Amino acid sequence: MGLKEVSSDYTVSIHYDRRLYRQDIRGSTAHARMLARQGIIDGSEAEAIVDGLAQVRSEIERDEFPWRPELEDVHMNVERRLHEIIGEPALRLHTARSRNDQVALDMRMYVKDAIANLLEILGHVRGALVSLADDHRTVVMPGYTHLQRAQPVLFAHHMLAYFEMFGRDAARFDQARDRADVMPLGSGALAGLPYPLDRDWVAAELGFSRISTNSMDAVSDRDFLLDFHAAASICAMHLSRLAEELVIWSSDEFGFIRLSDDFTTGSSIMPQKRNPDFAEIARGKTGRVFGNLIALLTTLKGLPLTYNRDMQEDKEGFFDTEDTLTATLRVFAGMLGALKLNEGRMRDAAQSSYVLATDIADYLVSKGMPFRGAYRIVASLSDYAVERNKQFHDLSLDEFRTFSDLFDEGVLAISVDTSIDARAVPGGTGAARVGEAIDRAKQELEGRNGV
Ligand code: ARG
C-alpha cells in the first residue's frame with residue numbers, strides 16, 4: 001500500500017460523522033436562506049440549494065446516498081452530492097462559512113437533540129423508581145452503611161434516593177444542553193467573515209437561544225461536549241451503583257428481589273443459576289463512559305487556538321456514550337418495571353439483626369440520659385445479646401433493667417415499624433414523609449413531561 005492510500009484513509013471520518021447528516025442539512029438550509037435574505041446570493045439560488053438539500057436528505061434516508069470516503073466527512077459528501085443534483089448554485093452554499101464553524105454547529109445541534117432523547121428515557125427510569133416506591137409503600141428493609149445492616153428503612157425511601165440522584169443528572173443534562181445552545185455559524189475558519197450576515201436570524205431559525213461572541217473560541221470550543229460527558233459519567237456512575245444493589249439483592253445471600261427472566265440469563269453449565277447479566281453489563285459499561293470523558297479531555301488539553309484536526313476525535317466517543325447511556329437507561333426502565341420483591345425476606349433481614357440499637361439508645365435519651373451514656377449502655381446490651389445468641393426482642397424487661405433503671409415496658413414496644421415512624425424529620429424514612437416524597441416525585445415528573 002502506497003503512502004497516499006495510507007494517509008488518505010487515516011483522516012476519513014465519514015463512517016461515523018454521517019450520523020450528523022440531519023443537523024448538517026438543517027444548518028446548510030438555514031445558512032442558504034440567510035445568505036439570500038442578506039442579498040449575498042440570489043433567492044433562486046437559495047431555493048435550488050434548499051430543494052436540493054431536501055433531496056439529499058431523502059436519498060440518505062432511503063439509503064440511496066453515494067457515501068464517498070475519499071470526500072472524508074459528512075460536510076463534503078453532502079455538498080458534493082448537492083452539486084451533482086443542482087449544479088452551479090451548490091457552489092455558493094459554502095459562501096461565508098468554513099467547515100470549522102459548520103462542524104461546531106452540527107455537533108451543537110446534535111448534542112441538543114441527543115440530550116432531549118436522553119432526558120425522556122431518564123424520565124422513564126425515574127418514573128419506574130417512583131412506581132416501585134408507590135406500589136410498595138409499607139415494605140421494610142435494613143438500610144446499610146459499610147454494607148452492614150444499620151437501621152430499618154422503607155424500601156420506598158431507598159428507591160427515592162435514586163430518584164434524587166437521577167433528578168440531579170437530569171439537571172446536569174439540562175445544563176449541558178444550555179451550554180450547547182450557542183450558535184457558532186458566522187465565525188468562519190476562526191476570525192469571523194467579511195459578509196453582512198444575520199447570525200441572529202440563523203440562530204432563531206435553528207432553535208438556538210443565542211449566538212457565540214468570540215469567533216476564535218467558537219471554532220475551538222468543545223466544552224459543551226465535556227459537559228455532556230461529565231453529566232453522562234455521573235449518570236452512568238449512579239446507574240452502576242443501582243446495578244450493584246440489584247446484583248447483591250438478587251443473590252441467594254440477600255434474596256430481597258427477583259429480577260424478571262427478561263433481564264437474567266441461565267448458566268451454560270449450572271442449571272440453577274439466574275445471573276443478573278443486564279445489571280452486570282450496565283455496571284461494566286460505566287468504564288467506557290468514563291473513558292470517553294477522559295479521552296476528550298486528553299485530546300483537547302494541548303491544543304493551541306483555534307481549530308485543530310485533533311478535534312475530529314470528539315465524535316466517536318460522544319456517539320458511543322450517547323448509545324451506551326441510551327441503551328442502559330432503557331434496560332433500567334424495563335428491569336425496574338419488572339422487579340419483584342421478596343417482602344418477607346426484607347422484613348426478616350431488618351428484624352433479625354441489631355438494627356434497633358440506635359432506637360434503644362434514643363429511648364434512654366427520651367428518659368433523660370445523655371446520648372453518649374445511652375450509646376455505651378446499648379453497646380454492652382448488644383454484646384450481652386450477641387453472646388447469648390439473642391435478638392433485642394428476645395430480652396426480658398428484667399434483662400434490660402440490669403443495664404439501666406431507666407428501661408421500662410416501653411422498650412419492649414420498639415420495633416422496626418416504630419423505628420421507621422419515629423423518623424418523621426423532613427428527609428427521613430418516616431412513612432408520612434416518604435408518602436409526601438412520592439407525591440412530590442410524581443408531580444415533578446408530570447411537570448417535566450414534554451421537556
Ligand atoms: N471532519 C472535521 C471535524 O470533524 C470537519 C472540520 C474540518 N475542518 C478542517 N479545517 N479540516 O473536525
Side-chain angles (χ1 to χ4, degrees), residues 4 6-32 53 56 60 65-83 90-91 93-114 179-180 182-195 202 206 212 214-229 292-293 295-323:
K4 183 82 185 67
V6 172
S7 57
S8 61
D9 260 16
Y10 195 63
T11 58
V12 172
S13 56
I14 190 62
H15 47 293
Y16 52 84
D17 69 12
R18 56 199 273 180
R19 208 160 145 163
L20 297 170
Y21 79 88
R22 258 190 230 101
Q23 289 73 20
D24 198 68
I25 289 171
R26 264 163 64 201
S28 289
T29 302
H31 180 64
L53 286 170
V56 169
I60 295 174
F65 187 87
W67 294 106
R68 281 166 287 203
E70 64 278 16
L71 296 176
E72 286 198 342
D73 58 23
V74 64
H75 323 295
M76 301 306 285
N77 268 272
V78 168
E79 196 179 326
R80 177 68 64 86
R81 184 68 191 138
L82 181 69
H83 186 232
L91 301 176
L93 169 61
H94 211 52
T95 312
R97 189 175 72 172
S98 154
R99 266 195 294 162
N100 296 353
D101 55 356
Q102 186 179 358
V103 73
L105 174 75
D106 292 2
M107 281 305 276
R108 284 176 179 275
M109 284 197 281
Y110 190 97
V111 168
K112 287 172 65 185
D113 293 344
R179 295 279 187 202
V182 177
M183 207 292 293
L185 216 59
S187 303
L190 77 161
L193 291 148
Y195 295 90
V202 175
L206 295 175
S212 57
N214 179 304
S215 60
M216 296 180 77
D217 179 43
V219 294
S220 68
D221 172 22
R222 294 294 181 273
D223 295 2
F224 64 100
L225 293 178
L226 292 172
D227 283 320
F228 172 84
H229 281 293
N292 291 331
L293 166 64
L296 183 60
L297 279 169
T298 311
T299 293
L300 294 173
K301 84 172 185 56
L303 301 185
L305 291 182
T306 55
Y307 179 84
N308 298 271
R309 191 63 181 273
D310 315 45
M311 288 155 73
Q312 178 166 300
E313 288 293 310
D314 63 357
K315 292 178 194 60
E316 281 175 292
F318 173 81
F319 294 138
D320 181 59
T321 288
E322 184 201 7
D323 291 344

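From a predicted model like this one, the values you see are computed outputs, not experimental measurements. Residues take their numbers from the sequence shown, with the count starting at 1. Ligands are counted one by one from 1 in listed order, and the atoms in each one are counted from 1 as well.
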Treating Asp221 as the side-chain partner and Asp223 as the backbone partner, does any N or O pair qualify as donor plus acceptor under 3.5 Å? yes

Look at Glu79 together with Arg99 and state whether they make a salt bridge at an N to O cut-off of under 4.0 Å. no

Output, or 'none' if empty, a list of ligand 1-protein atom pairs in which both atoms are N or O and the distance is under 3.5 Å, rounded to 0.1 Å.
unit_1: ligand 1; atom_1: 1 (N); unit_2: Asp73; atom_2: OD2; d: 3.0
unit_1: ligand 1; atom_1: 1 (N); unit_2: Gln312; atom_2: OE1; d: 2.9
unit_1: ligand 1; atom_1: 4 (O); unit_2: Lys315; atom_2: NZ; d: 2.4
unit_1: ligand 1; atom_1: 8 (N); unit_2: Asn100; atom_2: OD1; d: 3.0
unit_1: ligand 1; atom_1: 10 (N); unit_2: Asn100; atom_2: OD1; d: 3.0
unit_1: ligand 1; atom_1: 12 (O); unit_2: Tyr307; atom_2: OH; d: 2.3

Pick one: which of Leu185, Leu190, Asp106 meets side chain to side chain contact (heavy atoms under 4.5 Å, CB included) with Asp101? Leu185

Can we say Asp113 and Arg26 salt-bridge, meaning some charged N sits less than 4.0 Å from an Asp/Glu carboxylate O? yes

Give the table of side-chain donor-acceptor pairs shorter than 3.5 Å for residues 295-304, with sequence neighbours excluded, one pair per line with atom names and distance.
unit_1: Thr298; atom_1: OG1; unit_2: Ile294; atom_2: O; d: 2.6
unit_1: Thr299; atom_1: OG1; unit_2: Ala295; atom_2: O; d: 3.0

Do the two ring centres, one from Tyr110 and one from Phe318, sit under 6.0 Å apart? yes

